[in-house]
Each structure stands twice: as structure tokens, then as C-alpha cells.
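In each ligand, atom 1 is the first atom listed, and ligand 1 is the first ligand listed. In this chain, numbering begins with 1 at the start of the sequence shown.
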Amino acid sequence: MTTSRSSAFVDSLVAFGGTSTTDRVLYVGRPNIPDREAVLARVGAALDRKWLSNDGPMVREFEEVIEARLGVRHCVAVANATQGLSITAAALGLHGEVVVPAFTFVATAHSLAWLGITPVFCDIDRRSHQIDPAAVEAAITERTTGILAAHTWGRPCDIDALDAVAARHGLQLFFDAAPAYGASYQRTSIGNFGRAEILSFHATKIVNCGEGGAILTNDDEIAAAARLMRTFGFADTDLVTSIGTNAKMSELAAAMGICSLSEFDHYLDVNVRNFEQYTSALADVPGITVVPCEPNTGINYNNVVIEVDPQVAGIHRDLMLEMLTAEQILVRRYFWPGCHRMEPYRSLRPPTDTDFPVTDEVAARVLSLPTGTGVEAGDIERVCHLIAGLVEHGAEITRRAPAGTGSPP
Ligand code: T4K
């Protein structure tokens, strides 16, 4: 119960002069580290071969493992997902405008803007946080050539409805599947939808290469074009047949990726266990909702996301973030404030409060919590205990926080 007296819980918070009971720092996005000996053995083999990049054997092995696991015809490994998205947009011949969600990591939009394509933002579904197919349709103009949908939180978006919109308007549909390795939609692995899907193997993803990405497609022409473009357009020694860039994955990254892929089942088990612990520990905390999974989808649980309803919880998300950060629990407010409020997009089209109201509301409420193999049951207990306490004493914390702290910008 909230009282006007100072409570022991609030006094114990680091932000109010208390001392933390632990030295542990908890991160969102802490990498899953595969068996060290296995990684070092593969790195050693690459050093012995003196072949470190440019279509090396481990990059090809990495691609083949993914093709086999996901049942997709082509996996084109790249240096990172952002480059993979740009290359795919170029391979699809996109120009003019491409519709993207406003609520996504900014790389989705940047990958297009980098090519001189205008990302046109649209709003998301309130419940799932995924791109809203009706909003996509409303954003289409005569300049639109494609739709780049995102599988936000690694959870499949409404692929069937987006397919229908793309077909109705003769548009190319492809997916930013950066966080979605291992996810599935109606029992088919992500990687098989649209013209192509692009994965990230950044350090923060469930399977990682340190830095890495992949273009997945069942289309031979897109795969061939992407293979050329990732390596300067070289079709053969001294033979350049298309525009290209350097988006090659190195052998060292592939070594990490192959070892990481081999431990996927373990990472998934840990993530599921963590997700279930968070869900049950926060179930009765007023104003806190663990964003649920949609039916007919399989997910990798690499993102544990809560919504904080400030009216019910009695504390704003930003103040909660500051309190947890002071405790060395480095939660993140992905994807605040929404791409439409980031440069260069906000200057190109100054945002109003009525443009993308769902994105604005969701972006103001979400918090990503630590998960993965770096997090233990006791850590989750501590995080949930703190969140529950912050809610229980929300009024007092809000009153005692220095002016401007944690208040919505
Ligand atoms: N599309 C979507 C929907 C995406 O989410 C992303 C990437 C992309 C496209 C682009 O994919 P890539 O081109 O990166 O392959 C991080 C990641 O860098 C980024 O890959 C990821 N999404 C995004 C959601 O998160 P930042 O700017 O938040 O990174 P940073 O440095 O703040 O680190 C994130 C957290 O991870 C921190 O808590 C620290 C921790 N961390 C990070 C690294 C790199 C570690 O503990 N160890 C590490 O080695 O973007």
C-alpha cells in the first residue's frame, strides 16, 4: 500500500541513496557465448588455412546449415542485417517510396534511405506491436514500390494480410526479420516469406556472429543478385556485372555463427524458462503486462518486453527505467521514440501527435528486460521484485524523484 511516509523499500533504492545488495550488472542483449574451445578451434583452422574472407568455406557452411534448418532455398550471408536489407531492396529494384513501420529499430528505415528510397512510416497494431496491414494500405501512393515489414521482437507479423495488400497493389513485399532466427509462422520457418527475409546475427541476437546477417529467399534471381552485390558486383576475377558493395561475412564471424547455431536449442530453452518466470512473477503487478505471443507463431523468446501503463502502475516507464538503471539493471526502451521522431525523418516530415498514435503510445510504455544465458533465475527474481516494489511505491517515488527525472520528454 502506498503511504505518504517514506517507505523502507524506497529508501533502499540506489537512486535514493540506498546500497545495492549485489555487484551484478544485468544487460539486455548480453551475447550467448558458445563453447569457447569450439570457437577457438574453428578460428584456428581459418588462421591455418590463411583464408579469412571472400567466399570462405566456413561462410558457405554457415549458409548451408541455415538453409537446411529453415528449409529455405538460399541463404546469402552478409556482414550485418542493415547491409542485407539495403542489398535486398536494391536487388528488388525498389525506388520511390517503401512503406515501413514507424515502430522498429531505425536500421529498417535507414537501410532504404541509404539508397535514396523514401521510407514511408505507418502505424502498428496496439496488441501485437506489429505493422498494421490496414495502415500499410493507407500509406500506399503512386510512388510506392514495396513494403518492408518487420517481425518486431522476433515475432512474426501478420504475413497473410500483408501478402494480400502487396498482391492487391502489385508491390514487392520483404521482411526485416533481424531478431527472428528460429521463429515460425503457421509452422513454416521465418525465411520463407515474401520475396526475401533478412536476419541479423549481431551479438545481441539469439544466435550470433558478433556481427553478421543473412538474406533468405526462395527466389534464385534475388539470391544471385544479392551474392553479386555483397561482393562489389564481381561475377568472376576482374569481371564486374552489377553495382555492389562490400557486405561479405568474414570467416571469423562464420566460425562464431556455426558454433552459436549448434547451441540454439539450449539458448531457446533458457529463453523460454526466463520468459515463463517473468510472466508468472509479474502476472499480478498492476499496470505491468508482459507482451504476449500471437497464436499460430513460434518465437525464440529472445525479447522479453513489458508495457507499463502509468495510470494503473502509478509510475511512468521512464522513471522505472531510471530506477532500474541505478540498480545496474540496464533495461532498454526499444524502440522509443519511433523512427518518425528520429533524424533525418523528423526534419523531413515533422511529426505530429496524430500521425502514429499507437506507435507513440507503445513507444512510451515498453521496456525490454534482460534475458538469455547471461541471466539466472535469481536475477529475474530480483528484477521482478524491484518492478513490483516500484509499482507499489510508484506515487512516493514519483514525488521524491528530482524534478524532470524520468518524466516523459
Ligand atoms: N532491424 C531490426 C528490427 C533490428 O532490431 C536490428 C538490430 C537491425 C535491423 C539491424 O541489424 P544489424 O545491422 O545490427 O545486424 C542493438 C544492436 O546493435 C542491434 O543489432 C539491434 N537490432 C538493436 C535492437 O540493439 P543498440 O544501439 O541498442 O546497441 P547497444 O550497443 O546499446 O547494445 C545493446 C545491449 O547489448 C546493451 O545492453 C549492451 C549489450 N551488449 C552489446 C554488445 C554489442 C553486450 O552485452 N555485449 C555486446 O557485445 O543496438
Side-chain angles (χ1 to χ4, degrees), residues 24-34 39 62 76-89 98 100-114 119 121 124 129-131 148-157 174-181 183 190 196-216 230 245-250 253-254 256-257 260 299-300 302-305 321 324-325 327-339 342 359 362-363 366-375 379 383:
R24 261 174 92 73
V25 183
L26 297 181
Y27 297 86
V28 172
R30 203 72 168 150
N32 294 320
I33 305 294
V39 176
F62 178 71
V76 181
V78 286
N80 56 63
T82 309
Q83 287 270 27
L85 289 164
S86 293
I87 286 177
T88 306
V98 169
V100 298
F103 187 73
T104 178
F105 191 60
V106 73
T108 315
H110 281 351
S111 69
L112 299 167
W114 196 255
F121 298 115
I124 54 167
H129 302 176
Q130 304 296 337
I131 188 168
L148 173 51
H151 299 312
T152 299
W153 312 137
R155 299 166 183 206
C157 57
F174 67 125
F175 295 94
D176 179 343
Y181 177 83
I190 288 302
E197 302 201 74
I198 293 81
L199 295 172
S200 171
F201 295 104
H202 181 261
T204 52
K205 304 306 183 218
I206 186 165
V207 166
N208 86 86
C209 298
E211 288 279 0
I215 300 164
L216 306 181
R230 79 171 170 184
T245 182
N246 182 1
K248 287 173 270 114
M249 177 180 279
S250 78
M256 178 76 173
S260 188
I299 66 169
N300 62 29
N302 208 44
N303 295 276
V304 177
V305 183
L321 178 139
L324 292 172
T325 301
E327 304 292 329
Q328 298 296 298
I329 298 168
L330 307 183
V331 295
R332 298 294 295 262
R333 52 183 175 179
Y334 293 123
F335 296 108
W336 182 87
C339 296
M342 291 181 173
T359 293
V362 169
V366 280
L367 264 191
S368 289
L369 305 182
T371 188
T373 50
V375 174
D379 298 324
V383 174

* Asked: Once you round to the nearest 0.5 Å, how far does SG of C157 lie from CD1 of I124?
  -> 12.0 Å
* Asked: Can you tell me how far the CG atom of L85 sits from the CZ atom of F175, to the nearest 0.5 Å?
  -> 12.5 Å
* Structure fact -> With W153 as partner, the option from Y334, F105, F103 fulfilling ring pair (Phe, Tyr, Trp, His ring centres under 6.0 Å) is F103
* Excluding sequence neighbours, so at least two apart, what forms salt bridge (Lys or Arg N to Asp or Glu O under 4.0 Å) with R230? -> D55, E63
* Identify, with sequence neighbours excluded, every residue that meets side chain to side chain contact (heavy atoms under 4.5 Å, CB included) alongside P179. => K205, N303
Let me have the donor-acceptor pairs involving side chains of residues 196-203, under 3.5 Å, with sequence neighbours excluded, atom names and distances please.
residue: E197; atom: OE1; partner: H151; partner atom: NE2; Å: 2.7
residue: E197; atom: OE2; partner: G191; partner atom: N; Å: 2.5
residue: E197; atom: OE2; partner: N192; partner atom: N; Å: 3.1
residue: E197; atom: OE2; partner: F193; partner atom: N; Å: 2.9
residue: S200; atom: OG; partner: H202; partner atom: N; Å: 3.0
residue: H202; atom: ND1; partner: T204; partner atom: N; Å: 3.1
residue: H202; atom: ND1; partner: T204; partner atom: OG1; Å: 2.8

* With a 4.0 angstrom cut-off on heavy atoms, strictly below it, pick out the residues next to ligand 1 and order them by chain and number. => Y27, V28, G29, R30, P31, N80, A81, T82, T104, F105, A107, T108, D176, A178, S200, H202, A203, T204, K205, G212, R332, Y334
